[in-house]
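All values reported here derive from a predicted model rather than from experimental measurement.
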Amino acid sequence: ILGIAGVAGNGQAELMSVISGETRLPTPETIGLDDIAVAHLPPARRRRLGLCCVPEERLGHAAIPGLSLSDNALLTAFHRMRLSRGGWINRSRCESFTDQIIADYAVQCTGRKALASSLSGGNLQKFVVGREILQAPSVLVISQPTWGVDAGAAAAIHDALRKLAQNGAAVLLISQDLDELMLISHNIAAICAGEVSQVYPTRDISAADIGMLMGGRELTSQEKSQHVV
């Protein structure tokens, strides 16, 4: 798990957009996924190659408020979970996949037909995270995973990210919550004014160090040794 720290507005949204494929770049080699140049590919093509994403905004970006949970599951999982073929939707597979998300991630709702807008923030976030993780990505990019959710939902999401990493996936975690980053990241960097810092092992860096990185200042060896307890 690689954590990216940063104060809001320093390029996190743009970073997510270019990695997910919502913003494409003219030079394919700018982004590589398992040694494949993907910067010019749209989101669906990147998903086929193993990239799944959880954006910061739940309603309107990660999920459509007026659609059911089953339809929201279809939106990003239609290829990787074989929920459609030749333009036809396999409703039974879609419903089974949605039921699996609800059960595995303890999503409190009235069932697969519930509208996304009817769920609490924490339950919708668990649903969105579950939808992406159950697609077995090789890379998961997730932004502000526990923003505004209760402690129980936050713990469940953290556990899910740890298990995904333990099973061999790479996780890029973009968060403003330093405690969260220090808790579950193996390595950490910071973004400031659109620039990403050097990456450091989390065990070798302190919250004070990260604060300096968030301000755009790289660390000296002496500074790191002073701050690490």
Note, Y105 side chain near L134 side chain (heavy atom, < 4.5 Å): yes
Minimum heavy-atom distance V149-G121, with the two atoms named: CG1-O, 4.1 Å
Shortest non-hydrogen contact from R131 toward Q135: O-NE2, 3.0 Å
Short side-chain to backbone donor-acceptor contact, S17 and E22, under 3.5 Å: no
From CG (L41) to CG (L49), nearest 0.5 Å: 6.5 Å
Joint cluster assignment, L119 & L67, ILVMFWY side-chain distance < 4.5 Å: no
Same apolar cluster: L124 and L140, side chain cutoff 4.5 Å: yes
Sidechain-backbone polar pair: K126 side chain, A153 backbone, donor-acceptor under 3.5 Å: no
Spacing of CE belonging to M81 relative to OG1 belonging to T76, to within rounding of 0.5 Å: 10.0 Å
Beyond-backbone contact of H61 with E56, side-chain heavy atoms, under 4.5 angstrom: no
Pair E95 + K113: basic N to acidic O under 4.0 Å: no
Main-chain N/O of A193 paired with N10 side-chain donor or acceptor, under 3.5 Å: yes
F78 reachable from L75 in the ILVMFWY side-chain graph, under 4.5 Å edges: no
Backbone of S185 reached by a side-chain donor or acceptor of E180 within 3.5 Å: no
Heavy-atom closest contact (H40 atom, P28 atom, distance): ND1-CB, 3.2 Å
Candidate pair E132 and R47, rule salt bridge (charged side-chain N to carboxylate O under 4.0 Å, His left out), full reasoning: CA-CA 10 Å; E132 301 304 304; R47 282 184 171 273; 2.7 Å; yes
Flag if over 12 foreign heavy atoms under 6.0 Å of CZ, R45: no
Single-linkage hydrophobic cluster, 4.5 Å side-chain cutoff, L25 and M16 together: yes
Distance in Å, L69 CG paired with F127 CZ, rounded so as to fall on 0.5 Å steps: 4.5 Å
Closest contact, heavy atoms only, C109 versus A114: CB-CB, 4.4 Å
Step-by-step salt bridge (charged side-chain N to carboxylate O under 4.0 Å, His left out) determination, D71 to R112: CA-CA 9 Å; D71 285 341; R112 67 174 85 101; over 6 Å; no
Partners passing salt bridge (Lys or Arg N to Asp or Glu O under 4.0 Å) against D159 (at least two apart in sequence or in another chain): R162
Close side-chain approach of I205 to L213, heavy-atom, < 4.5 Å: yes
Minimum side-chain heavy-atom gap N72-I64 below 4.5 Å: yes
Option among I191, D209, L178 that satisfies the side chain to side chain contact (heavy atoms under 4.5 Å, CB included) test with M214: L178
Side-chain touch C52/R80, heavy atoms, less than 4.5 angstrom: yes
Validation row: T23, E14 side chains within 4.5 angstrom (heavy atoms): no
Any I1 side-chain heavy atom under 4.5 Å of L164 side chain: no
same_hphob_cluster(L2, V171) at 4.5 Å side-chain heavy-atom cutoff: no
Gap separating the NE2 atom of H158 from the CG atom of L173, nearest 0.5 angstrom: 7.0 Å
Contacts of type salt bridge (Lys or Arg N to Asp or Glu O under 4.0 Å), residue R48, not counting sequence neighbours: none
Straight-line distance of S175 OG to I4 CD1, nearest 0.5 Å: 11.0 Å
Distance-minimising heavy-atom pair for T98 and C94: OG1-O, 2.8 Å
Which atom of I101 lies closest to which atom of A73, heavy atoms considered: CD1-CB, 4.3 Å
I188 side, atom CD1; I210 side, atom CD1 - distance, nearest 0.5 Å: 3.5 Å
For V54, the option from V141, I142, I174, I133 that meets side chain to side chain contact (heavy atoms under 4.5 Å, CB included): I142
Side-chain touch S20/R46, heavy atoms, less than 4.5 angstrom: no
